[in-house]
A.B. asks: 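Submitted below is the structure of interest, expressed as structure tokens.
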Number of protein chains: 2
Amino acid sequence: MLRKEELEHLSRFSSTIKLARKTVLRADSLSLSPVTAVIEGTIGIQHILDDGRRSIAAFYLSGDIIDLRTPGTDQRHDLVALTRATICRLSPAVLDDVLQLNESARAVSVDNLRRQKCLALDHSVDLTKKRALEKVASFVFECRDRQPTVAAEIKLPMQHCDIADYLGLRPETVSRCLHELQDSKMIEQPTVSCITIKDAGALRTLADGTKHDGERAR
Amino acid sequence: MLRKEELEHLSRFSSTIKLARKTVLRADSLSLSPVTAVIEGTIGIQHILDDGRRSIAAFYLSGDIIDLRTPGTDQRHDLVALTRATICRLSPAVLDDVLQLNESARAVSVDNLRRQKCLALDHSVDLTKKRALEKVASFVFECRDRQPTVAAEIKLPMQHCDIADYLGLRPETVSRCLHELQDSKMIEQPTVSCITIKDAGALRTLADGTKHDGERAR
DNA sequence: CGATTGTTTGATCTCTCTCAATGGGCGTGG
DNA sequence: CCACGCCCATTGAGAGAGATCAAACAATCG
């Protein structure tokens, strides 16, 4: 996680690209330049199964560094723009030089890796044992905690069909769950891409996987 | 990923512990000593939801280094022994000193983080969009590729109930899927904890998510 | 060798997917 | 700036994969 000035500095040694939504950078083209900084927008790591099913394994926001170097194995994931996005392809060699010299930048870089690994593990927990409604509740918190500013309004960083592919659900289910959260007064949804948390306690409890039979006529 | 000699060297500055299966090292106790080397056996990262559902987000085998430092957030995951295991709690300070001096060890350490992040992403793909049978097929390959020696016999590094918590399934489903793979001649299962791949091509195709309606009386 | 833990099998239930059709919002081009 | 068209969100009805529950069986450990 670098600050904007640092990103801009690095970008001098690299190529900054604007991407339209749904633009895909395929895995094979990434092996040459596996390090990408997100300047603006949302970038997803996607994987297409042989029969077309799409999975979004992770997403990255403004300021994140995506390091796709995979020691020992082939890169199997694509990058995809989930919104209009601006990215910066970094030369791994140049980056490594910078990190070699700058100890604090190196620490930041390693922390960045640790943080992303931690996010991936948290996400795995959401995926393994949570029900659809719990997944969506958890996703709302992830968006809140990862958006740059602390605000009551949460701007969803991607569309419902992308959320579905990220949570292992279908777009219809995501829509139904968001409406259910709204019906039970936990959130409000002024527009499709904007959410306000109304009852953070109840939403947290739900996201953390507490049984709440009590609420369902039992 | 360090070699056994290196592990043993590091262990002089640390405490080596033998764990019985199901021993849990709770998240709060890990914040002081968040770096653990697996000497022998299988260690899982587990998370228990408020109502008792258990998720295993990742597992680590002999030689793996588990770095649970989570910059910025609290550690929320426990470690659990999925088999009888021997681990080595490393002092993060000592480890960082070693890495500060030894550039190649540092590279190994960063590669280790990248590799684990990559494994976590792959696992997310398995969890989001694959059906139970595909998940189990994929798991068989993961076990094959991660076990220390290349052998026809794959020793499952954990029990069915742990596999279930890792794949987001139930033990009954894992059992049924393994039998289905056996019925369709893709694997053989001499004992509960041992598997032989009989038709790697078909198993790979299945794991990668190709529709195979053709095989099902269509 | 007995008790506990884990695996297997079968029957039923339920949550989510699937399919299809409608409606709305956003971006594009005029 | 407005209108059109396309993509996305929504809604409903139905089907299916996996969960759940229960009970028998096997394996492991002390």
Side-chain angles (χ1 to χ4, degrees), chain A residues 18-23 41 49 51-55 81-84 126-136 155-156 158-165 167-183 189-195 206 209 211-213 216-218, chain B residues 19-23 49 51-55 81-84 126-137 156-183 189-195 206 209 211-213 216-218:
Chain A
K18 282 180 190 289
L19 302 176
R21 189 176 115 79
K22 300 183 84 166
T23 307
L49 297 189
D51 68 349
R53 279 172 284 174
R54 184 179 77 144
S55 163
L82 302 180
T83 63
R84 245 193 306 249
D126 288 348
L127 293 173
T128 36
K129 290 285 174 167
K130 290 190 184 178
R131 301 200 334 255
L133 197 62
E134 296 161 352
K135 287 181 182 178
V136 173
K155 185 85 177 57
L156 291 183
M158 64 188 84
Q159 300 193 331
H160 287 193
C161 50
D162 301 322
I163 298 175
D165 287 341
L167 297 178
L169 303 170
R170 311 254 62 201
E172 298 94 322
T173 308
V174 171
S175 173
R176 282 187 249 261
C177 287
L178 285 172
H179 280 269
E180 198 172 333
L181 292 178
Q182 207 167 1
D183 290 345
Q189 219 185 342
T191 74
V192 174
S193 65
C194 182
I195 282 181
L206 177 62
K211 258 193 197 127
H212 57 139
D213 296 13
R216 292 178 163 270
R218 166 77 58 99
Chain B
L19 302 176
R21 188 176 114 79
K22 299 183 84 167
T23 308
L49 297 188
D51 69 349
R53 278 172 284 174
R54 184 178 78 144
S55 163
L82 300 180
T83 62
R84 246 191 305 250
D126 287 348
L127 292 174
T128 37
K129 290 283 172 170
K130 289 189 183 175
R131 300 202 334 260
L133 197 63
E134 296 161 352
K135 287 181 183 179
V136 173
L156 292 182
M158 63 188 85
Q159 299 195 330
H160 286 193
C161 51
D162 300 322
I163 299 175
D165 288 340
Y166 180 64
L167 297 178
L169 304 170
R170 310 254 60 201
E172 297 94 322
T173 308
V174 171
S175 173
R176 281 186 249 261
C177 287
L178 284 172
H179 280 268
E180 198 171 332
L181 292 178
Q182 208 167 0
D183 291 345
Q189 217 183 346
T191 74
V192 175
S193 65
C194 182
I195 282 180
L206 178 61
K211 258 193 196 125
H212 56 140
D213 297 12
R216 293 178 162 269
R218 165 81 55 102

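From a predicted model like this one, the values you see are computed outputs, not experimental measurements. In what follows, every chain begins at residue 1, and chains take the letters A, B, ... in the order their sequences are listed.
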A.B. asks: Looking at residues at least two apart in the chain, or sitting in another chain, which of them share a side chain to side chain contact (heavy atoms under 4.5 Å, CB included) with A/K155?
C.D. replies: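 If we apply the side chain to side chain contact (heavy atoms under 4.5 Å, CB included) test to A/K155, skipping adjacent residues, the hits are A/Q147, A/S193.
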
A.B. asks: Heavy atoms under 4.0 Å, any strand shown: does B/K22 hit a base, just sugar-phosphate, or nothing?
C.D. replies: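 Sugar-phosphate contact only.
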
A.B. asks: In whole Å, what separates the P atom of C/dC13 from that of D/dA13?
C.D. replies: 22 Å

A.B. asks: Within residues 157-166 of chain B, which residues have any heavy atom lying less than 4.0 Å from an atom of DNA chain D?
C.D. replies: none

A.B. asks: Kindly compute the distance separating CD1 (B/I163) from CZ (B/R170), expressed to the nearest 0.5 Å.
C.D. replies: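 Going from CD1 on B/I163 over to CZ on B/R170, the span is 14.0 Å.
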
A.B. asks: Where do A/Q189 and A/Q182 come nearest, in terms of heavy atoms and distance?
C.D. replies: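 That closest heavy-atom pairing would be N-NE2, 3.2 Å.
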
A.B. asks: Does a side-chain N or O from B/H179 land closer than 4.0 Å to OP1 or OP2 of C/dT7, or not?
C.D. replies: no

A.B. asks: What does the inter-axis angle of the helix from C/dC1-D/dG30 to C/dT16-D/dA15 come out as, five pairs per end, nearest 10 degrees?
C.D. replies: 40°

A.B. asks: I'd like a table of atom pairs between the protein and nucleotides 22-24 of chain D - only N or O on both sides, under 3.5 Å - with the distance next to each one.
C.D. replies:
none

A.B. asks: With the criterion being N/O to N/O and under 3.5 Å, what pairs connect the protein with nucleotides 21-27 of chain C, and how long is each?
C.D. replies:
none

A.B. asks: At less than 4.0 Å, is any side-chain N or O atom of A/R21 found next to OP1 or OP2 of D/dC8? Yes or no.
C.D. replies: yes

A.B. asks: Considering all heavy atoms of both residues, which atom of A/L178 and which atom of A/V136 are nearest to each other, and what is their separation?
C.D. replies: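 Scanning both residues completely, I find the closest heavy atoms to be CD2-CG1, 3.7 Å.
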
A.B. asks: Atom CG of B/L82 and atom C1' of C/dG6: how far apart are they, to the nearest Å?
C.D. replies: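 About 15 Å, once rounded to whole Å.
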
A.B. asks: Can you tell me how far the CG atom of A/L133 sits from the NZ atom of A/K135, to the nearest 0.5 Å?
C.D. replies: 11.5 Å

A.B. asks: Please determine if a side-chain N or O atom of B/T173 lies less than 4.0 Å away from the OP1 or OP2 oxygen of D/dA19.
C.D. replies: yes

A.B. asks: Report the residues that fulfil side chain to side chain contact (heavy atoms under 4.5 Å, CB included) with A/R21, sequence neighbours left out, ordered by chain and then residue number.
C.D. replies: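 For A/R21, the residues satisfying side chain to side chain contact (heavy atoms under 4.5 Å, CB included) (neighbours in sequence not counted) are A/Q159, A/C161, A/D162.
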
A.B. asks: Using only heavy-atom distances, decide whether a donor-acceptor pair under 3.5 angstrom links the side-chain of A/R176 to the base of D/dG12.
C.D. replies: yes

A.B. asks: Are OP1 or OP2 of D/dA9 and a side-chain N or O of A/S175 less than 4.0 angstrom apart?
C.D. replies: no

A.B. asks: Could you give the CG-to-P distance, from A/D183 to D/dT10, as a whole number of Å?
C.D. replies: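 Nearest whole value for this atom pair: 12 Å.
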
A.B. asks: What heavy-atom pair brings B/L206 and B/A137 nearest, and what distance separates the two atoms?
C.D. replies: CD2-CB, 4.1 Å

